[in-house]
Colleague: 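This is the structure I have questions about; it appears just below.
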Amino acid sequence: MRSIRHIASINDLSNDEIGAVFELALKYLDELGDPDIPHRIARSTEAANGVVLATVFFEPSTRTRLSFESAMNRLGGRVITSADPATSSTAKGESLADTVRVVSNYADLLVIRHPRDGAVRHAAEYAHVPVINAGDGGHEHPTQTLCDLFTLKQKNASLKGLNIAIAGDLRGSRTIHSFVYALARFGANLVLMPAKGMELPAHVDRRLREEFRCIMAKPPAGEEASNIDALYVTAKEPHQLSLIPENVDIHVKLTSRIDALYVTRFQKEREPGRNYGKYPNVDQEFLKDPRYSKASIMHPLPRVGELDNKLDDDSRAAYFEQASYGVPIRMALISLVMGLTKEKSLARFAGGFAPEKHPLYADPKREGVACRNANCITHDPLEQASIHPKFAIVPAPTSSKSVLRCHYCETDLDEVVLGDRKTKQLGDVTALQSMSAKELAGAVFFADLATAKAAGYS
Ligand code: NCD
């Protein structure tokens with residue numbers, strides 16, 4: 001049987017696989033596009049003849065859904081869609097797990113957007129066809145990142161060493177979370193300019209530093225007015241990490257030439273009622289700063305005021321081009337995930353830098369700690385019968401303590417307390433990494449000592 005590949009995170013694709021998506025997308029553009037049209041759109045092929053794609057969207061979308069559907073149509077396949085939760089069985093109280101089990105019988109590939117973090121990883125556990133994440137809460141949006149990276153690749157010889165500034169809501173923007181992981185994995189440097197209180201989530205920052213070779217540094221003196229909050233320098237080699245933070249020249253080099261400025265809107269639906277102060281407003285005035293003189297201006301769209309329409313004719317504006325790549329990129333991804341052409345399927349490109357897989361701890365009876373992200377799919381009332389907490393055990397290179405990372409939304413839990421289900425004894429969390437699969441199966445983790453004691457552990 002063909003093994004099924006789900007794309008719930010950008011980290012489900014290795015660097016070589018991302019390269020293969022780009023190569024095929026270029027082929028669709030070059031062979032099928034019309035070079036006289038400024039943002040070339042791929043023309044139709046018959047590669048997906050007889051294949052059905054289902055777009056199952058529980059949140060608003062224009063670009064992502066329509067470009068997936070256009071991509072499938074241009075590949076010669078067919079599309080069915082459920083785009084309005086109010087008219088689907090969700091309105092009757094059906095779980096995502098049941099919806100996915102059923103729709104898996106109607107389509108060969110599912111593309112899902114959902115308001116809960118980690119929903120697509122959960123859906124993938126119930127689907128018997130491949131599932132692609134079209135945005136799950138504030139977690140990730142991997143196919144937007146493929147469009148973003150491809151735009152950068154079209155404009156630069158290499159992603160390595162590029163200085164990418166990222167402004168706006170870094171906390172709630174799923175596009176940014178996938179984007180920063182990918183940039184770090186390809187060796188780009190990050191210049192973070194969050195609106196106040198909208199810094200990267202702690203677990204994203206941790207992964208950049210601990211898994212993806214980034215060194216976090218504060219901006220050089222005199223940068224107060226530029227709203228730069230942090231710099232992440234990607235080490236050329238994994239073991240060079242300690243060398244960079246002290247080197248002031250590198251800080252200056254990083255902030256004096258920005259190759260791309262990526263902006264997003266405030267994701268107000270993620271935390272309704274939350275007030276925020278000043279939000280970046282990217283306009284001609286903002287871009288007068290010489291550091292942006294050659295920067296591509298990027299935005300996943302929609303824009304709602306933070307990016308001035310007057311920039312549309314500026315040669316640096318890249319956002320509509322970025323959106324235009326939605327079709328060839330998604331054609332390429334569908335083709336590779338489905339293995340539509342004999343010689344090309346994702347399995348053939350498994351090499352290259354890819355995040356490590358960690359041992360999993362599951363808590364089927366919900367005895368121990370829950371994910372601390374309130375928007376995680378594990379807390380969705382509709383899913384309670386179909387999901388239980390599961391965590392990856394991730395070593396922390398800078399300390400002896402491992403962290404538990406939610407398998408679904410990837411939020412980290414540290415400072416947990418370990419117990420043995422059988423003996424009801426508390427254990428040593430520093431020894432987690434050396435636990436056997438059998439020991440792990442008998443383990444239960446609590447949020448703190450008081451909860452462990454209340455549950456009868458000592
Ligand atoms: C983004 C999303 O849905 O996360 N839109 C998109 O897919 N291009 C960005 C956003 O909504 O702000």
Side-chain angles (χ1 to χ4, degrees), residues 7-10 25 39 55-72 81 83-85 111-121 131-152 164 166-182 193-195 198 200-201 204 260-272 274 276 279-282 296-309 317-331 333-334 375 377 409-410:
I7 314 295
S9 158
I10 193 67
H39 303 317
T55 47
V56 186
F57 277 48
F58 299 91
E59 258 193 355
S61 170
T62 302
R63 268 155 295 277
T64 307
R65 185 167 67 83
L66 293 182
S67 63
F68 259 114
E69 295 181 357
S70 173
M72 193 53 166
T81 188
D84 177 7
V111 173
I112 298 179
R113 171 170 287 192
H114 196 278
R116 289 275 184 176
D117 301 11
V120 175
R121 185 78 69 209
V131 181
I132 298 178
N133 185 359
D136 59 336
H139 174 230
E140 282 205 45
H141 192 344
T143 65
Q144 179 63 46
T145 289
L146 293 175
C147 301
D148 302 341
L149 285 189
F150 187 74
T151 308
L152 286 172
I164 312 294
I166 303 183
D169 185 358
L170 277 56
R171 174 175 150 130
S173 290
R174 54 196 176 197
T175 63
I176 289 178
H177 304 156
S178 300
F179 192 43
V180 292
Y181 292 144
M193 303 165 66
M198 297 188 200
L200 281 182
V204 178
L261 169 68
Y262 191 98
V263 198
T264 62
R265 71 185 170 90
F266 169 47
Q267 309 283 310
K268 62 176 190 300
E269 68 274 35
R270 303 276 164 246
E271 287 173 275
R274 186 159 149 245
Y276 66 98
Y279 201 79
N281 181 24
V282 175
S296 300
I297 312 305
M298 300 176 70
H299 193 302
L301 301 176
R303 61 177 158 186
V304 291
E306 67 288 333
L307 180 64
D308 194 344
N309 289 44
Y319 32 95
F320 288 119
E321 179 180 345
Q322 206 179 332
S324 78
Y325 294 136
V327 174
I329 283 290
R330 291 179 171 109
M331 284 175 82
L333 186 66
I334 292 170
N375 197 48
I377 188 71
C409 74
E410 302 186 284

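Every number for a ligand or one of its atoms is a count from 1 in the order of the listing. Throughout, numbering of the chain's residues begins at 1 and tracks the sequence.
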Colleague: Could you list the residues that satisfy side chain to side chain contact (heavy atoms under 4.5 Å, CB included) with Ser67, not counting sequence neighbours?
Modeller: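 Only Val327, Arg330 meet the side chain to side chain contact (heavy atoms under 4.5 Å, CB included) criterion with Ser67.
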Colleague: With sequence neighbours excluded, tell me which residues meet side chain to side chain contact (heavy atoms under 4.5 Å, CB included) with Pro201.
Modeller: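 With neighbours one apart ignored, the set is His177, His203, Val204.
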Colleague: Do Arg174 and Glu410 meet the salt-bridge criterion of a basic N to acidic O distance under 4.0 Å?
Modeller: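 A salt bridge is absent here (no side-chain N lies under 4.0 Å from a carboxylate O).
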Colleague: Are the side chains of Asp148 and Tyr325 in contact, using a 4.5 Å heavy-atom criterion?
Modeller: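 Tyr325 does not reach Asp148 side chain to side chain.
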Colleague: Using the salt bridge (Lys or Arg N to Asp or Glu O under 4.0 Å) criterion, which residues pair with Arg63? Sequence neighbours excluded.
Modeller: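 Expected list: none.
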Colleague: Is any side-chain heavy atom of Tyr279 closer than 4.5 Å to one of Asp169?
Modeller: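 The answer is yes, as the side chains (C-beta and beyond) meet within the 4.5 Å cut-off.
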Colleague: Mind jotting down which protein residues get a heavy-atom contact under 4.0 Å with ligand 1? Chain and number order, please.
Modeller: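 Near ligand 1, by chain and number: Arg63, Thr64, Arg113, His141, Gln144, Arg174, Thr175, Arg265, Gln267, Pro300, Leu301, Pro302.
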